[in-house]
Amino acid sequence: MAIILDGKALAKKIKGQVAAQAAALPRRPGLAVLLVGENPASQVYVRGKEKDCDECGILNLGCRLPAETTQEELLARIERLNADPAVDGILVQLPLPGHIDEGTVLRAIDPSKDVDCFHPRNVGEMMVGDPVCWPCTPFGVMELLREYGIFPAGRHCVVLGRSNIVGKPMALLLLRDNGTVTVCHSRTPDLKEQCLQADILVSAVGRTGLVTADMVKEGAVVVDVAMNRNADGKLCGDVDYATVSEKASYITPVPGGVGPMTRAILMRNVLAAAKAHQKQP
Ligand code: NAP
């Protein structure tokens, strides 16, 4: 039976560290989360981030904007936040309503306040070296692996999914830590064969039941990034947990695995941005 990679426990520890360091800064860090419209899932995520800010002593400087907010209004709001010295991090909750261009909005955020690491300049920094922050979800996965003494060096890592926010940066981080990385996507013809090569398998697709036990090598480390709803409306991942956990050496649960780590790393990214803005070590 696999050992559970307990993201909830590690996230709590990280948030405690952030709170202690935030309290020691000359000025409290500030995060502005912008939510446009009333997407129910987004509202849940934003409430979670606000709660995390309270726990970590980070000022919550965000706001909720009506669904009919124009792109110009949103860009003007971001410009004000860029100029505000109390704001260390700006996060625009995605997805945005259809009339607003996501790329334009993400490019408008001051890269030094881009705590999601979505701005093209930070994506470039990520390619060539060490950006101020890494994207929260894949970096959270790396921290979770490290906590359990799992290192990608010399191991075959297979990533399912190639999105800009999860799959691609995940592959880059595994590569940076000397893993041999294969990235699979919807056009990969032999997914099972690819998965069976994995010492470390990371699934970030968004399809319940995609990864079954026959696709997993005995003793592999399995990380399930996905947050799906099953037929009963219950939160679940891509991995068939009941059967895969019999074969894997380590596995993340859903919920309680990668999700809490994403939130904790966001808080740490805000702290890192605040330290950089305040020129603190
Ligand atoms: P996304 O943008 O929809 O990307 C999904 C990726 O999966 C795409 O690259 C797609 O390939 C690939 N894919 C689709 N069907 C496939 C198949 N049958 N076999 C192999 N690959 C397939 O999603 P995302 O934003 O990366 O999120 C992925 C999942 O992670 C979702 O469940 C999301 O809710 C979850 N998530 C969780 C967290 C967290 O904190 N735990 C954070 C972010 C996202 P193509 O590129 O070819 O279309």
Side-chain angles (χ1 to χ4, degrees), residues 1-2 4-5 7 41 94-95 102-103 116-118 120 123-124 126-128 134-142 144-145 150-232 234-255 257-259 261-262:
M1 195 69 183
I4 292 173
L5 296 167
L94 302 177
E102 201 174 286
D116 260 338
C117 197
F118 290 169
V123 175
M126 211 162 68
M127 286 297 294
V128 295
W134 285 88
C136 304
T137 300
F139 199 74
V141 171
M142 298 307 287
L144 191 53
L145 293 176
I150 301 163
F151 301 101
R155 307 177 89 176
H156 195 143
C157 309
V158 176
V159 179
L160 309 185
R162 57 171 165 180
S163 70
N164 287 338
I165 64 168
V166 189
K168 282 183 200 161
M170 187 74 249
L172 211 55
L173 278 163
L174 290 163
L175 188 62
R176 187 180 77 139
D177 278 6
N178 303 311
T180 300
V181 183
T182 302
V183 182
C184 302
H185 45 81
S186 67
R187 308 286 186 91
T188 303
D190 50 354
L191 200 66
K192 179 177 169 183
E193 292 313 307
Q194 299 293 342
C195 290
L196 279 169
Q197 304 298 315
D199 301 311
I200 299 175
L201 177 64
V202 181
S203 189
V205 171
R207 273 198 187 192
T208 309
L210 178 76
V211 179
T212 47
D214 61 325
M215 298 165 75
V216 176
K217 185 160 80 175
E218 197 74 45
V221 174
V222 178
V223 176
D224 195 347
V225 175
M227 294 205 295
N228 313 319
R229 297 271 167 197
N230 68 11
D232 305 330
K234 222 178 123 214
L235 196 63
C236 62
D238 291 340
V239 175
D240 182 16
Y241 185 86
T243 58
V244 172
S245 59
E246 298 285 341
K247 237 174 152 183
S249 55
Y250 293 86
I251 192 165
T252 56
V254 180
V258 178
M261 288 303 297
T262 300

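Please read all numbers here as calculations on a predicted model, not as lab measurements.
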Margin query: Between Thr188 and Leu191 (side chain of the first, backbone of the second, donor and acceptor by atom type, cut-off under 3.5 Å), is there such a pair?
Written below: no

Notebook entry, point to check: Rounded to the nearest 0.5 Å, how far apart are CG of Leu201 and SG of Cys195?
Noted result: 5.0 Å

Check: Would you call Val216 and Val222 a side-chain contact if the rule is heavy atoms closer than 4.5 Å?
Finding: yes

Checklist line | Worked check of side chain to side chain contact (heavy atoms under 4.5 Å, CB included) between Val223 and Leu144 | finding: CA-CA 10 Å; Val223 176; Leu144 191 53; 5.9 Å; no

Notebook entry, point to check: What's the shortest heavy-atom distance between Pro253 and Tyr241, and which atoms?
Noted result: CA-CE1, 3.9 Å

Item checked: Considering all heavy atoms, the nearest Pro152-Ile200 contact -> CA-CD1, 3.9 Å

Next item on the list: For residues Gln194 and Cys184, report the shortest heavy-atom separation together with the two atoms involved.
Entry: CB-SG, 3.7 Å

Next item on the list: Provide the closest heavy-atom pair for Gly140 versus Met261 in the form atom of the first, atom of the second, distance.
Entry: O-CE, 3.5 Å

Item checked: Residue pairs passing the salt bridge (Lys or Arg N to Asp or Glu O under 4.0 Å) test where at least one lies in residues 208-229, sequence neighbours excluded -> Lys192-Asp214, Asp199-Lys217

Notebook entry, point to check: Is there side-chain contact between Glu102 and Leu94, with at least one heavy-atom pair below 4.5 Å?
Noted result: yes

Next item on the list: Would you list the pairs meeting side chain to side chain donor-acceptor pair (under 3.5 Å) in which at least one residue belongs to residues 200-210, sequence neighbours left out?
Entry: Ser203-Asp238

Margin query: Under the side-chain contact (heavy atoms from CB on, under 4.5 Å) test against Thr252, which residue among Ile4, Leu5, Val202 passes?
Written below: Leu5

Notebook entry, point to check: So which heavy atom on Ala226 is nearest to which on Val254, and how close?
Noted result: O-CG1, 3.7 Å

Next item on the list: Could you grab the distance from atom CD of Glu193 to atom OG1 of Thr182, nearest 0.5 Å is fine?
Entry: 12.5 Å

Notebook entry, point to check: CG of Leu160 to OG of Ser186: how many Å apart, nearest 0.5 Å?
Noted result: 12.0 Å

Exercise answer: donor-acceptor pairs, residues 168-181 side-chain atoms, under 3.5 Å, sequence neighbours excluded:
residue: Lys168; atom: NZ; partner: Asn164; partner atom: OD1; Å: 2.9
residue: Arg176; atom: NH1; partner: Asp130; partner atom: OD1; Å: 2.7

Checklist line | For the student: nearest non-hydrogen atoms of Ile165 and Pro138, plus distance | finding: O-CD, 3.6 Å

Next item on the list: Verify, without hydrogens or angle tests, whether Ser249 (side chain) and Ala2 (backbone) share a donor-acceptor contact under 3.5 angstrom.
Entry: no

